[in-house]
2 protein chains.
Amino acid sequence: MTVERSVAADSRTVPEATVARLATYLRVLGALSDRSITTVSSEELAAAAGVNSAKLRKDLSYLGSYGIRGVGYDVRTLTDEIARILGVTVRRAVALIGVGNLGQALAGYDGFASRGFRIAALLDASPTLIGSTVRELVVRDIAELEQVVTEQEIAIAVLAVPASAAQDVCDRVVAAGVTSILNFAPVVLAVPAHVDLRKVDLAAELQILSFHENRKSAAALIAGGMA
Amino acid sequence: MTVERSVAADSRTVPEATVARLATYLRVLGALSDRSITTVSSEELAAAAGVNSAKLRKDLSYLGSYGIRGVGYDVRTLTDEIARILGVTVRRAVALIGVGNLGQALAGYDGFASRGFRIAALLDASPTLIGSTVRELVVRDIAELEQVVTEQEIAIAVLAVPASAAQDVCDRVVAAGVTSILNFAPVVLAVPAHVDLRKVDLAAELQILSFHENRKSAAALIAGGMA
DNA sequence: TAGATTGTTAATCGATTAACAATC
DNA sequence: TAGATTGTTAATCGATTAACAATC
C-alpha cells in the first residue's frame with residue numbers, strides 16, 4: 001500500500017504539461033546553483049523559467065510540498081526532487097540510430113551528457129559508416145540492434161534516420177525492447193501503446209514561425225492601408 | 001473591410017494547437033500527392049497524421065470550407081490552402097547563427113529546403129569559421145548581422161549558439177529586425193512582444209521520456225510485488 | 001508579532017471529442 | 001434517392017491563472 005500511494009503521488013498524477021516544464025525548472029535550478037544561490041522564491045524561479053509564478057507553484061505542488069512558506073525553495077532540495085521524478089538521478093543509456101548529418105551532430109551534443117544521458121551506442125545501416133569511429137564510439141550495424149539494446153540496457157532510442165526508413169527502424173527498435181523513442185524523421189510513426197514516442201520536426205517549427213510572420217505582415221498591411 | 005474580414009478568417013482565429021498540426025497535415029498531404037492520390041477523407045487523412053478525425057475536421061474548419069460533403073478533400077486544393085496559411089508559398093530566407101556541431105548539421109538538413117525555407121546565410125563569431133565555406137555558403141561574421149538581414153530579407157533566425165552566448169546573440173538578432181526566432185540553446189530567452197520565439201530543447205525531450213520510463217518501471221515493480 | 005511566500009481553491013480559458021444535421 | 005462525409009454544435013476535459021488562507 002505504501003508503494004502504491006507513493007507512486008500515485010510521485011508520477012501518475014503529474015500532468016503532461018507540467019512534466020514538460022519540469023525539465024526547464026531543473027535546468028534553471030542548475031544555473032542558480034552555479035551562481036551559488038541556495039534559496040529561491042517561486043516568483044524568482046518562475047521569472048527565470050519564463051513562466052507565471054502561479055503556474056510554477058501549481059507544477060511543484062504535484063511533486064509534494066518542498067517549499068518553505070515565507071522563505072521559498074531550497075535550490076538543492078528542489079533540484080534533487082525534480083531530478084528524481086524525471087528519473088535522471090541514474091544516468092540513462094541512449095542509443096542513437098542513424099549516424100548521418102544530424103545523427104553525428106546529436107552524437108556530439110554536450111547537453112545530453114550534462115543533463116542525465118549517456119549515448120551508449122551508435123547504429124547505422126550504411127556499410128560506409130559501420131565500423132567507423134564517431135565521437136569515440138564505433139558505429140555498429142543496425143542488424144546488431146537487439147544485442148546492443150540488451151548489452152547496454154538501452155531504454156531510450158533516438159531516431160535520426162531518413163524518413164523512408166523510419167517506420168521500419170522504429171518497428172525493429174520496439175521489437176528489441178526499447179520503450180521510449182525520440183524521432184527526428186519527418187514522418188508519423190506508429191508504435192504500440194506501451195511505447196512512448198516524442199518527435200522533433202525541425203521544418204514544422206519553422207512553418208509555425210512562418211505562420212506568425214504571415215499574420216504580422218497582414219496586420220502591417222491593414223495598419224498601412226488604414227493610415 | 002474586405003481585407004480586414006479575410007485576415008480575421010485566415011489567421012487571427014486559428015488556435016495555436018491547430019497551427020502546430022497544420023505543418024503535419026501539409027507533410028502528409030505531400031506524401032499522398034506523391035502516391036498520386038487526389039482525394040482523401042478526413043478519416044484517412046487523420047489516420048495518416050496520427051490524430052482523431054473530429055480534431056482534423058475542426059482544425060480544417062478554421063481555414064474555411066475546403067471539403068466536399070460525401071466525398072472528402074481534394075489533396076491539391078487543401079495542400080495549397082494550408083501552404084498559403086502557413087506562409088510557405090513564398091520561399092522564406094532563414095539565417096542560421098552558430099555554425100558549430102549542431103549548426104552545421106542544420107545547415108545541411110534537406111527538410112528545410114523541401115518544406116519552404118532557404119538557408120540564406122550562415123553566421124558565427126569564431127575567427128576560425130568566418131570565411132570558411134559550409135554547404136556552399138561562406139560563413140559570415142556575426143558583426144555583419146544587420147547588413148545580412150537587410151540584404152537577404154531575413155525574417156527568421158535559427159540560433160545554434162552556445163548557451164552562454166544565446167541571449168546576447170538573440171538581442172542582436174532582434175535589433176537587426178528579425179521577428180521570428182527558433183532557439184536550440186538550452187536557455188530561456190527574453191524577447192520583445194512583437195518577436196515570436198520557439199525553442200527546441202533536445203535534452204528536455206529525453207528527460208520527458210525518462211519521466212515516463214520511470215513511471216513504467218514503478219508500475220512494473222508494483223505488478224511484480226503484487227504477483 | 002509582522003512580513004513574506006507557499007500551497008490550494010475556484011474561476012476561466014482553450015483544446016478535444018462524440019454526435020449529428022447539413023449537403024454533396 | 002441512398003449513401004457518404006463534411007462542418008458544426010455542445011459536452012467534456014485539461015491547463016492556466018488570480019486570489020488568498022495557511023504558515024514559516
Side-chain angles (χ1 to χ4, degrees), chain A residues 8-25 28-29 32 37-79 81-82 85 208 211-212, chain B residues 8-25 28-29 32 37-79 81-82 85 208 211-212:
Chain A
D10 278 356
S11 56
R12 194 116 37 108
T13 60
V14 183
E16 269 306 302
T18 296
V19 174
R21 284 188 295 265
L22 289 179
T24 301
Y25 302 154
V28 170
L29 285 165
L32 291 174
I37 294 170
T38 57
T39 303
V40 67
S41 71
S42 64
E43 200 68 57
E44 293 163 335
L45 184 54
V51 301
N52 170 309
S53 71
K55 186 189 280 182
L56 174 93
R57 288 197 300 278
K58 190 97 172 97
D59 283 342
L60 297 184
S61 77
Y62 293 111
L63 316 189
S65 275
Y66 295 100
I68 305 160
R69 287 168 201 244
V71 178
Y73 299 88
D74 180 68
V75 170
R76 177 70 173 278
T77 305
L78 196 53
T79 300
E81 190 52 33
I82 296 179
I85 221 140
I208 294 165
F211 169 86
H212 292 291
Chain B
D10 278 355
S11 56
R12 194 116 39 105
T13 59
V14 183
E16 268 307 302
T18 295
V19 173
R21 283 187 295 264
L22 289 179
T24 301
Y25 302 154
V28 170
L29 285 165
L32 292 175
I37 294 170
T38 58
T39 302
V40 68
S41 71
S42 64
E43 200 67 58
E44 292 163 336
L45 184 53
V51 303
N52 171 308
S53 72
K55 186 188 280 181
L56 175 94
R57 288 197 301 278
K58 189 97 172 98
D59 283 343
L60 297 184
S61 77
Y62 292 112
L63 316 188
S65 275
Y66 296 100
I68 305 161
R69 288 169 200 246
V71 178
Y73 300 87
D74 180 67
V75 170
R76 176 70 173 278
T77 306
L78 196 53
T79 299
E81 190 52 34
I82 296 179
I85 222 139
I208 294 165
F211 169 86
H212 292 291

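Just so it is clear: chains get the letters A, B, ... in the order the sequence lines come, proteins before strands, and each one is counted from 1. When reading the values below, keep in mind they use all heavy atoms of this one structure, side chains included, and skip hydrogens, waters and symmetry mates.
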Undergrad: In whole Å, what is the span from the CD atom of A:Glu16 to the P atom of C:dT16?
TA: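 That distance rounds to 14 Å.
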
Undergrad: Is any N or O donor-acceptor pair between the side chain of A:Arg69 and the base of C:dT6 shorter than 3.5 Å?
TA: yes

Undergrad: To the nearest Å, give me how far apart CG (B:Leu63) and C1' (D:dG7) are.
TA: 12 Å

Undergrad: Taking the side chain of B:Tyr73 as heavy atoms from C-beta outward, which of D:dT6, C:dG7, D:dT16 is closest to it?
TA: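 Taking heavy atoms from C-beta onward, the closest nucleotide is D:dT6.
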
Undergrad: Report yes or no: does B:Thr18 contribute a side-chain atom to a donor-acceptor pair with the main-chain N or O of B:Val14 at less than 3.5 Å?
TA: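 Between the backbone of B:Val14 and the side chain of B:Thr18 there is no qualifying donor-acceptor contact (under 3.5 Å).
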
Undergrad: Indicate the atoms forming the closest heavy-atom contact of B:Ile82 with B:Leu29, along with that distance.
TA: CD1-CD1, 3.8 Å

Undergrad: Taking all atoms of both residues into account, what is the closest heavy-atom pair of B:Thr39 and B:Glu44, and its distance?
TA: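 Scanning both residues, the minimum pair turns out to be O-OE1, 4.4 Å.
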
Undergrad: Got a sec? Which of residues 52-60 of chain A come in under 4.0 Å of DNA chain C, heavy atoms?
TA: A:Arg57, A:Lys58

Undergrad: Taking all non-hydrogen atoms of both residues into account, name the closest pair between A:Ser41 and A:Tyr73 and its distance.
TA: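 Between these two residues, the closest heavy atoms are C-CD1, 4.4 Å.
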
Undergrad: Between residues 39-49 of chain B and DNA chain D, which residues have a heavy-atom gap below 4.0 Å?
TA: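 Per residue number, the list reads B:Ser41, B:Ser42.
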
Undergrad: Check whether any side-chain heavy atom of B:Leu78 lies under 4.5 Å from a side-chain heavy atom of B:Tyr25, and answer yes or no.
TA: no

Undergrad: How close do A:Ser53 and A:Ala46 get, counting heavy atoms only, and between which atoms?
TA: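 Where A:Ser53 meets A:Ala46 most closely, the heavy atoms are CA-CB, 3.5 Å.
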
Undergrad: Measure across B:Glu81 and B:Leu63 and return the closest heavy-atom pair with its distance rounded to 0.1 Å.
TA: OE2-O, 4.3 Å

Undergrad: Starting at CG of B:Leu78 and ending at C1' of D:dT6, how long is that distance when rounded to a whole Å?
TA: 12 Å

Undergrad: Looking at CG of A:Leu45 and CG of A:Leu32, how far apart are the two atoms once the value is rounded to the nearest 0.5 Å?
TA: 6.5 Å

Undergrad: Once you apply the 3.5 Å cut-off to both distances, tell me the Watson-Crick or G-U wobble partner of C:dT23, or none.
TA: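 With both distances under 3.5 Å, C:dT23 matches D:dA4.
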
Undergrad: How do A:Ile68 and B:Ser65 order along DNA chain D: which one's closest nucleotide is nearer the 5' end?
TA: B:Ser65

Undergrad: Between A:Ser61 and A:Gly70, just flag the one whose closest nucleotide in DNA chain C comes earlier from the 5' side.
TA: A:Gly70

Undergrad: Search all heavy atoms of B:Ile208 against all heavy atoms of A:Ala20 and return the closest pair with its distance.
TA: CD1-CA, 3.7 Å

Undergrad: Who does D:dA15 pair with, Watson-Crick or G-U, both distances under 3.5 Å?
TA: C:dT12

